[in-house]
Engineer: 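Got a structure here, written out as structure tokens. Questions coming.
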Amino acid sequence: MKYKQIDSNLFIKNRKKFTAAMSPNSIAVFNSNDIYPVSADSTLPFAQHRDIFYLSGVDQEESVLVLFPDAPFESQREILFVRETNEHIAVWEGAKLTKEQAFEVSGIKTVYWLDDFQKVLKELMAYAETMYINTNEHYRSAVETQTREDRFIKWWKETYPAHRVAKSNPILQKIRSIKEPEEIALIQQACDITEKGFRRILNFVKPGVWEYEIEAELIHEFIRNRSKGFAYTPIIAAGNNSNVLHYIENNQQCLSGDIILFDTAAEYANYSSDLSRTIPVNGRYSKRQRQVYDAVLRVKNEATKMLAPGTLWRSYHEEVGKIMTSELLGLGLIDKADIQNEDPAWPAYKKYFMHGTSHHMGLDTHDYGLLHLPMEANMVFTVEPGIYIPEEGFGIRIEDNVVIQQQGEPINLMKNIPILADEIEDLMN
């Protein structure tokens, strides 16, 4: 891995939080992701399942974690299974974790080779009454591919039909949404790498440059700072492309007078950052672009203040909508008649600001978190309002990542990334 090894105490704490929420005499199993094929003998780069990483720190394919806090013997309460390594594998694929290294990474003392998994599990299941299956229940999930976890769950339920079944996901949604100090430090590192990339492109952008050239500058800066690369598919949207919320082609030329909307950020140690900025190609915002930019920034600043313990996600977005409505009135994009005649299910401001303002962030860019529960301290959220005006040929989004505090305003993990229009113009010129 490119990142520095994470202290195993983080994963020990995470496992304790999970097992404390399990019912008596229950067992939970977590699997690594598959390596996905492309065609012929080609595969996509491996990306670890975030749940097993969160609970063990193991960042390797064909690994399995078993948690059984009420097992009769201490050596059975936390077990890690990893792929057996040998000299042949080391030559062709690189070294895999030894049992000793797996312990150093995870803090788990009992480590077996994966070939022993079914034999060991059979003994454990004789003691257990309930099995926790790890299904994907994220509110934005739309997965059509069967995962390694899916295949295991099917086999597990068929092989042990007499056991009760419970779900790991509700526990993970709660505990993963509240970050440990070590996790916040890793997200901060991802944000710091993102800052380096953004400052690099401020000196690179000029009329005539292509979106993909900017993408290349960013990936260069990210990787040279120990990131695997982008935390999500990068959006580098010049001109009217900036009105497409998930524009990812990045294949157009940037012209003088255009703005470029960036939604690009680095990962670090599997933790995400999530940045949006909007800059002028020629180094100067037009008067209208500046008006809209400053309006979006005011909404972001006011929205950030509302992220506090006890806040409900739905109520928060309703309040942000009121602030955005005021700004759109000031910009002349909507009028009082639009508001009076609006559909409550799709308010007038949604014509120009159609997405949410904030989402949980962490190991996943859209991280775990139950949206019907009040916000709590040490949750990490994005703040990302935008105004999109196709008829004027540009859209603007501004986004930072913040940590909710028990008291006072959230801590902005991106406070050092240029955001004021004057500052961006000065750096570009």
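Along the sequence shown, residues are numbered consecutively beginning with 1.
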Engineer: Output yes when a side-chain donor or acceptor of Glu425 lies under 3.5 Å from a complementary backbone atom of Tyr285, and no otherwise.
Structural biologist: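 Indeed, once roles are kept as given, a pair shorter than 3.5 Å links the two residues.
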Engineer: Check whether any side-chain heavy atom of Pro280 sits under 4.5 Å from a side-chain heavy atom of Met428, and report yes or no.
Structural biologist: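 Answer yes - side chains close enough.
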Engineer: Testing Arg140, Arg50, Lys179 for salt bridge (charged side-chain N to carboxylate O under 4.0 Å, His left out) with Asp367, which one passes?
Structural biologist: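 Among Arg140, Arg50, Lys179, the one meeting salt bridge (charged side-chain N to carboxylate O under 4.0 Å, His left out) with Asp367 is Lys179.
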Engineer: Heavy-atom distance under 4.5 Å between the side chains of Ser358 and Tyr316, does that happen here?
Structural biologist: yes
Engineer: Think Arg176 forms a cation-pi with Tyr368, using NZ or CZ under 6.0 Å from the six-ring centre and within 45 degrees of its axis?
Structural biologist: yes
Engineer: Do the side-chain N and O atoms of Gln173 and Asn169 include a donor-acceptor pair separated by under 3.5 angstrom?
Structural biologist: yes
Engineer: Is a salt bridge present between Lys300 and Glu384, judged by a nitrogen-to-oxygen distance below 4.0 Å?
Structural biologist: no
Engineer: Is the ring centre of His355 less than 6.0 Å from the ring centre of Phe353?
Structural biologist: yes
Engineer: Check the pair Thr19, Met22 against side chain to side chain contact (heavy atoms under 4.5 Å, CB included), reporting the backbone distance first and the verdict last.
Structural biologist: CA-CA 5 Å; Thr19 55; Met22 294 173 69; 4.0 Å; yes
Engineer: So, for Ile389 and Ile387, which heavy atoms are closest and what is the spacing to 0.1 Å?
Structural biologist: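 Heavy atoms of Ile389 and Ile387 come nearest at CG1-CG2, 3.9 Å.
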Engineer: Do Gln406 side-chain atoms and Pro309 backbone N/O form a donor-acceptor pair below 3.5 Å?
Structural biologist: no
Engineer: Assess whether a salt bridge exists between Glu195 and Arg199, defined as any Lys/Arg side-chain N lying under 4.0 Å from an Asp/Glu carboxylate O.
Structural biologist: yes
Engineer: Checking side chain to side chain donor-acceptor pair (under 3.5 Å) between Glu61 and each of Gln48, Arg148, Arg83, which is the one that passes?
Structural biologist: Arg83
Engineer: One pair to check against side-chain hydrogen bond (donor to acceptor under 3.5 Å, both in side chains): Lys196 and Asn225. What are the steps and the verdict?
Structural biologist: CA-CA 9 Å; Lys196 292 178 180 180; Asn225 283 283; 3.1 Å; yes
Engineer: Between Thr365 and Ser272 (side chain of the first, backbone of the second, donor and acceptor by atom type, cut-off under 3.5 Å), is there such a pair?
Structural biologist: no
Engineer: Can you tell me how far the CZ atom of Phe230 sits from the CD1 atom of Ile248, to the nearest 0.5 Å?
Structural biologist: 12.0 Å
Engineer: Using only atom types and a distance under 3.5 Å, with no angle test, would you say the side chain of Tyr132 pairs donor to acceptor with the backbone of Val29?
Structural biologist: no
Engineer: Would you say the side chain of Met354 lies within less than 4.5 Å of the side chain of Trp346, judging by non-hydrogen atoms?
Structural biologist: yes
Engineer: Name each donor-acceptor pair under 3.5 Å that joins a side chain in residues 37-44 to protein atoms two or more places apart or in another chain, with its distance.
Structural biologist:
none

Engineer: Just verifying a value: how many Å separate Ile214 CD1 and Ile201 CD1, rounded to the nearest 0.5 Å?
Structural biologist: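 Answer rounded to 0.5 Å: 6.5 Å.
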Engineer: Within the distance-only criterion (no hydrogens, no angle test), does the side chain of Thr325 pair as donor or acceptor with the backbone N or O of Tyr349 below 3.5 angstrom?
Structural biologist: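 Checked: no pair found.
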Engineer: Flag the pair Leu124 / Ile79 as yes when at least one side-chain heavy-atom distance between them is below 4.5 Å, and no otherwise.
Structural biologist: yes
Engineer: Checking side-chain polar atoms at under 3.5 Å, does Ser141 have a donor or acceptor matched by the opposite partner on Asn136?
Structural biologist: yes
Engineer: Side chain of Thr278, backbone of Arg397: donor and acceptor closer than 3.5 Å?
Structural biologist: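 Side chain of Thr278 to backbone of Arg397, a donor-acceptor pair under 3.5 Å: yes, one is there.
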Engineer: Using 0.5 Å steps for rounding, measure from the CG atom of Asp258 to the CD1 atom of Ile260.
Structural biologist: 8.0 Å
Engineer: Aromatic contact between His360 and Phe381, with the criterion being ring centroids under 6.0 Å apart: yes or no?
Structural biologist: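 Under 6.0 Å, so yes.
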Engineer: Using the rule given for side-chain hydrogen bond (donor to acceptor under 3.5 Å, both in side chains), can you reason through Asp59 versus Asn270, listing the C-alpha separation, both sets of side-chain angles and the distance that settles it, and then say yes or no?
Structural biologist: CA-CA 9 Å; Asp59 202 353; Asn270 291 314; 3.0 Å; yes
Engineer: Any salt bridge between Arg298 and Glu302, counting N to O under 4.0 Å?
Structural biologist: no
Engineer: Less than 3.5 Å apart, any donor N or O on the side chain of Asn134 or Ser168 sitting next to an acceptor on the other?
Structural biologist: no
Engineer: Could you tell me whether Tyr271 and Tyr3 have their ring centroids closer than 6.0 angstrom?
Structural biologist: no
Engineer: Assess whether side chain to side chain contact (heavy atoms under 4.5 Å, CB included) is satisfied between Val281 and Ile259, documenting all intermediate values.
Structural biologist: CA-CA 5 Å; Val281 173; Ile259 53 89; over 6 Å; no
Engineer: Show your reasoning for whether side chain to side chain contact (heavy atoms under 4.5 Å, CB included) applies to Leu413 and Val402.
Structural biologist: CA-CA 6 Å; Leu413 300 177; Val402 303; over 6 Å; no
Engineer: Ion pair present between Lys415 and Asp400, side-chain N to carboxylate O less than 4.0 angstrom?
Structural biologist: no
Engineer: Asp338 vs Lys351, test: salt bridge (charged side-chain N to carboxylate O under 4.0 Å, His left out). Steps then yes/no.
Structural biologist: CA-CA 10 Å; Asp338 294 322; Lys351 180 179 179 181; over 6 Å; no
Engineer: Are Glu409 and Lys305 close enough for a salt bridge, meaning some N to O gap below 4.0 Å?
Structural biologist: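 No, no charged N to carboxylate O under 4.0 Å.
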Engineer: Does the pair Asn250 and Glu211 meet the rule for a side-chain hydrogen bond (donor to acceptor under 3.5 Å, both in side chains), with working shown?
Structural biologist: CA-CA 5 Å; Asn250 303 341; Glu211 293 165 345; over 6 Å; no
Engineer: So, do Glu215 and Leu218 sit near enough that their side-chain heavy atoms are less than 4.5 Å apart?
Structural biologist: no
Engineer: Any heavy-atom pair between the side chains of Pro418 and Leu202 that's under 4.5 Å?
Structural biologist: yes
Engineer: Scan side-chain atoms only and decide if Tyr268 and Asp192 contain a donor-acceptor pair under the 3.5 Å cut-off.
Structural biologist: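 No donor-acceptor contact under 3.5 Å links the two side chains.
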Engineer: Can you tell me if Asp335 uses its side chain to pair, donor with acceptor, with the backbone of Ala337 under 3.5 Å?
Structural biologist: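 Yes, Asp335 side chain to Ala337 backbone: donor-acceptor pair under 3.5 Å.
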Engineer: Exactly one of Phe53, Tyr54, Phe103 should register a ring pair (Phe, Tyr, Trp, His ring centres under 6.0 Å) with Phe11. Which one does?
Structural biologist: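 Testing each of Phe53, Tyr54, Phe103 against Phe11, the sole residue satisfying ring pair (Phe, Tyr, Trp, His ring centres under 6.0 Å) is Phe53.
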Engineer: If only atom types and distance count, is the side chain of Ser326 paired as donor or acceptor with the main-chain N or O of Ile323 below 3.5 Å?
Structural biologist: no
Engineer: Please tell me if the side chains of Phe30 and Leu67 come closer than 4.5 Å, counting only heavy atoms from C-beta onward.
Structural biologist: yes
Engineer: Do Thr130 and Ile27 come close enough that some side-chain heavy atom pair is under 4.5 Å?
Structural biologist: no
Engineer: Tell me, with the steps shown, if Thr147 and Glu149 meet side-chain hydrogen bond (donor to acceptor under 3.5 Å, both in side chains).
Structural biologist: CA-CA 5 Å; Thr147 66; Glu149 198 83 88; over 6 Å; no
Engineer: With side chain to side chain contact (heavy atoms under 4.5 Å, CB included) as the test, pick out the partner of Ile175 among Lys16, Lys17, Lys13.
Structural biologist: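 When Lys16, Lys17, Lys13 are each tested with Ile175, the side chain to side chain contact (heavy atoms under 4.5 Å, CB included) holds only for Lys17.
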Engineer: Counting distance only, does the side-chain N/O of His246 pair as donor-acceptor with the main-chain N or O of Ile235 below 3.5 Å?
Structural biologist: no
Engineer: Is the side chain of Arg15 donor-acceptor paired with the backbone N or O of Ser106 at a distance under 3.5 Å, no angle test?
Structural biologist: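 Pair found, side chain donor or acceptor close to backbone of Ser106.
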Engineer: Apply side chain to side chain contact (heavy atoms under 4.5 Å, CB included) to residues Val66 and Glu78 and explain how you reach the verdict.
Structural biologist: CA-CA 6 Å; Val66 176; Glu78 294 183 341; over 6 Å; no
Engineer: Would you say CD of Gln407 has more than 12 non-hydrogen atoms from neighbouring residues, nucleotides or ligands within 6.0 angstrom?
Structural biologist: no
Engineer: Take the angle between the ring planes of Phe117 and Trp155 and call it parallel below 30°, perpendicular above 60°, tilted in between.
Structural biologist: tilted
Engineer: Could you grab the distance from atom CZ of Phe68 to atom CE of Met125, nearest 0.5 Å is fine?
Structural biologist: 8.5 Å
